[in-house]
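Working notes, beginning with the structure itself.
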Amino acid sequence: MKILIPTKLDKAAAAQLTAAGYEVVQTDTDPLETQVAANPDAAGLIVRSEKVTPAIIDALPSLKCVIRAGAGYDNIDYVHARTKGVDVMNTPGANSNAVAEEVVAMVLAAYRFVIPADVTTRAGEWNKKKYMGRELTGKTVGIIGLGKIGRQLVKRLQGFECKVLGYDHFLSKQRALNIGATPAELDEIFSTADIISIHIPGGPGTKNFVSAELIGKMKDGAMLVNCARYGVVDEDALRAAKADGKAITYCTDVHPKDTAASQPSADIADVMLPHLGANTKEANKMAAMRAAEQMHDYFAKGDTTYVVNAEMPANLNSAHLHLAEMLGKLCCHAAGCKPIRRIDCVFYNNLRSFRKWFTPWILQGAVPGAEHGLMPAAAEESFREHGIVFKAYEPMDDKLYDDQLDINIHTEVDGKERITGVRGTIVEGTPVVSRIGGFKHLYAALPGNTLVLRYADRPGVVATIGQTLSDAGINIENIVAPTDYESGNSLAIVKTDKPVSDVLVEILRKTIDAKLAFAITM
């Protein structure tokens with residue numbers, strides 16, 4: 001069986017696969033198209049950043065598996081690969097240590113003026129007095145995002161005797177302490193830390209996460225390091241703060257595109273690198289070895305743990321998967337977006353046979369920032385890494401149920417456990433929520449813009465909600481407002497034609513004295 005490696009990947013992958021009996025062709029001197037044309041019988045393909053287009057996939061009729069030696073796999077047309085029966089994998093976590101070490105390197109380089117001191121000394125200057133540096137030892141470091149990279153960074157900083165503050169909104173306090181970081185809120189980190197390192201996913205949900213408000217809280221002389229994704233730092237706000245005289249050191253390794261160009265952060269970055277985070281021989285070797293191991297396990301054992309484009313069972317309705325994601329997101333917000341300790345799910349009727357396939361969808365709905373597109377086993381591992389116990393159950397009675405799903409999220413509030421539960425199903429092809437807590441028979445559609453308010457039952461509240469939305473130019477498309485007579489509370493689920501802003505949600509919360517108030521778009 002032939003494996004094609006058309007990239008500059010550590011030779012460990014080829015050696016490992018060759019020893020296992022595969023025919024391996026590896027070179028990085030010829031274009032991918034040329035190598036594919038010369039090896040049409042390749043059954044496996046391992047790439048790094050090469051673009052695996054539909055044309056490349058079509059040119060390899062024997063292809064069964066493509067592995068991206070690294071975490072991201074946007075360079076592979078995994079949708080087209082699925083139509084051809086080709087499985088696509090990645091090697092998540094192989095680069096974590098490399099990125100963590102890069103953060104330390106950038107901090108030290110900035111603190112000791114390594115780059116300008118090298119340049120000026122080579123030019124014959126002697127600027128010893130000018131480059132009075134600082135020590136990393138004993139500094140307070142805030143880490144935003146305690147995923148694999150954030151956790152590796154905590155370990156690396158222990159040798160510098162740093163005080164490490166950690167923020168990960170969906171990680172329990174005890175889990176953060178176990179990692180070695182003192183849990184802290186964003187305000188505390190940005191107002192007290194000497195160094196702040198960002199390790200959160202990119203995308204619309206985290207755009208300008210480091211906002212003008214947070215930048216404004218940073219003390220003079222503080223340092224901000226972004227080795228996460230371009231866009232999570234509001235660089236315009238940072239630019240304005242620096243122009244106003246705020247002394248902030250900015251180190252970045254991320255840019256709009258990984259290509260030679262004039263980078264937008266060039267005027268504000270004190271240390272700027274060309275996305276070198278994963279660019280180490282050790283990380284390259286680790287990714288290579290994992291790619292080889294996964295390729296062998298795929299062909300020899302049928303192991304599909306890391307497949308990112310798996311084909312679902314033919315009789316599993318994809319609408320139920322979207323239902324699971326939406327219910328997870330709804331339940332997370334209903335629980336106040338507090339750190340999750342445990343998630344229990346109950347699968348009814350036909351859904352019981354497909355329980356494992358729901359795990360990735362529940363993960364990406366209930367845990368914002370979690371990686372999308374995982375296979376069930378990898379999703380279970382991700383839950384464990386977040387410190388969340390995930391359990392799937394079947395109903396304990398013999399009643400006849402529709403195809404529906406319960407999600408119960410356990411959070412910790414003021415040292416006490418609180419359970420928030422939702423139930424949903426599919427009605428005429430649309431995911432709907434049928435229960436939130438003690439409020440039953442809701443059957444409110446989940447897609448679109450949804451406003452949820454819980455308040456003490458009394459006359460006139462629904463009218464107030466409608467008038468407040470109307471004054472803001474927002475139209476109500478539908479409203480469900482049941483009352484739980486046992487608790488004396490009412491719940492309004494309002495579908496609107498436009499998203500309801502956080503500011504307007506807060507106005508409504510205060511106006512009707514809501515006990516729960518949030519808006520989501522799905």
Side-chain angles (χ1 to χ4, degrees), residues 144-145 167-171 184-191 198 200-217 229 231-234 236-238 240 325-340 364-370 409 411 413 418 420 422 433 436-437 444-455 461-462 464-481 490-522:
I144 312 300
Y167 173 85
D168 193 313
H169 195 69
F170 298 93
L171 201 66
E185 295 299 320
L186 287 173
D187 285 353
E188 179 184 355
I189 289 177
F190 276 84
S191 59
I198 312 299
I200 59 177
T206 56
K207 182 174 176 57
N208 293 336
F209 179 90
V210 181
S211 61
E213 180 182 359
L214 290 177
I215 291 170
K217 295 178 184 295
R229 289 290 185 269
V232 300
V233 173
D234 186 343
D236 286 336
L238 180 60
E325 180 178 17
M326 291 179 180
L327 286 176
K329 185 174 181 179
L330 179 71
C331 195
C332 173
H333 280 76
C337 292
K338 300 295 183 181
I340 300 172
Q364 61 198 42
V367 186
I409 288 180
T411 55
V413 180
R418 186 172 73 183
T420 304
V422 300
V433 57
I436 299 178
L446 288 169
N449 306 305
T450 303
L451 169 68
V452 179
L453 300 161
R454 179 165 55 85
Y455 51 90
V461 175
V462 172
T464 300
I465 295 171
Q467 188 61 56
T468 304
L469 292 173
S470 177
D471 291 344
I474 297 176
N475 186 49
I476 294 177
E477 296 180 339
N478 189 30
I479 183 169
V480 178
S490 289
L491 182 76
I493 303 177
V494 187
K495 303 298 295 185
T496 60
D497 66 336
K498 301 174 185 175
V500 180
S501 68
D502 292 340
V503 173
L504 188 54
V505 169
E506 182 62 16
I507 291 173
L508 280 163
R509 186 188 66 78
K510 292 180 178 178
T511 302
I512 67 172
D513 191 24
K515 301 174 183 179
L516 175 68
F518 64 88
I520 55 176
T521 298
M522 295 188 284

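For the numbers below, each heavy atom of this structure counts, side chains included, while hydrogens, waters and symmetry mates do not. None of the values given here were measured: they were computed from a predicted structure.
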### Message
Determine whether K510 and E506 satisfy the following criterion, side chain to side chain contact (heavy atoms under 4.5 Å, CB included), listing intermediate values before the conclusion.
### Response
CA-CA 6 Å; K510 292 180 178 178; E506 182 62 16; 3.0 Å; yes
### Check: K329 and H333 side chains under 4.5 Å, non-hydrogen atoms
yes
### Query
Counting only heavy atoms not in E477, do more than 12 fall under 6.0 Å of its CD?
yes
### Summary
Nearest heavy-atom contact between I340 and A366 is CD1-O, 3.5 Å
### Query
Does the side chain of T450 reach to within under 4.5 Å of the side chain of K495, using non-hydrogen atoms?
yes
### Task
Kindly compute the distance separating OG1 (T496) from CD1 (I474), expressed to the nearest 0.5 Å.
6.0 Å
### L238 CG to N208 CG distance, which is reported to the nearest 0.5 Å
11.5 Å
#### Entry: Atom of G473, atom of K498 and distance for their closest heavy-atom approach
O-NZ, 3.0 Å
### Query
Quick one: CZ on F518 to CZ on R454, what's the gap to the nearest 0.5 Å?
10.0 Å
### Distance (rounded to the nearest 0.5 Å) between L508 CG and Y455 OH
11.0 Å
### Task
Would you check, one step at a time, whether the test side chain to side chain contact (heavy atoms under 4.5 Å, CB included) holds for I200 with Y167?
CA-CA 10 Å; I200 59 177; Y167 173 85; over 6 Å; no
### Message
Please report the interatomic distance CG(L516) to CZ(R509), rounded to the nearest 0.5 Å.
### Response
10.5 Å
### Query
Hey, what do you get for OG1 (T464) to CG (L469), rounding to the nearest 0.5 Å?
11.0 Å
### Flag side-chain contact, heavy atom, 4.5 Å: T468 against L504
yes
### Task
Could you pull out the closest heavy-atom pair between T420 and C331, with the gap in Å?
O-SG, 3.2 Å
### Shortest non-hydrogen contact between M522 and L446, atoms and distance
CE-O, 3.6 Å
### Task
Give me the one residue out of V452, L327, V480 that meets side-chain contact (heavy atoms from CB on, under 4.5 Å) with V433.
L327
#### Entry: Beyond-backbone contact of L214 with D187, side-chain heavy atoms, under 4.5 angstrom
yes
### Query
Is a donor on one side and an acceptor on the other found under 3.5 Å between the side chain of N475 and the backbone of D497?
no
## Note on the structure
Correct closest heavy-atom pair for V505 and A519 would be CG2-CB, 3.7 Å
### Task
Might you point out which heavy atoms bring C332 and I409 nearest each other, and give the distance in Å?
N-CD1, 3.7 Å
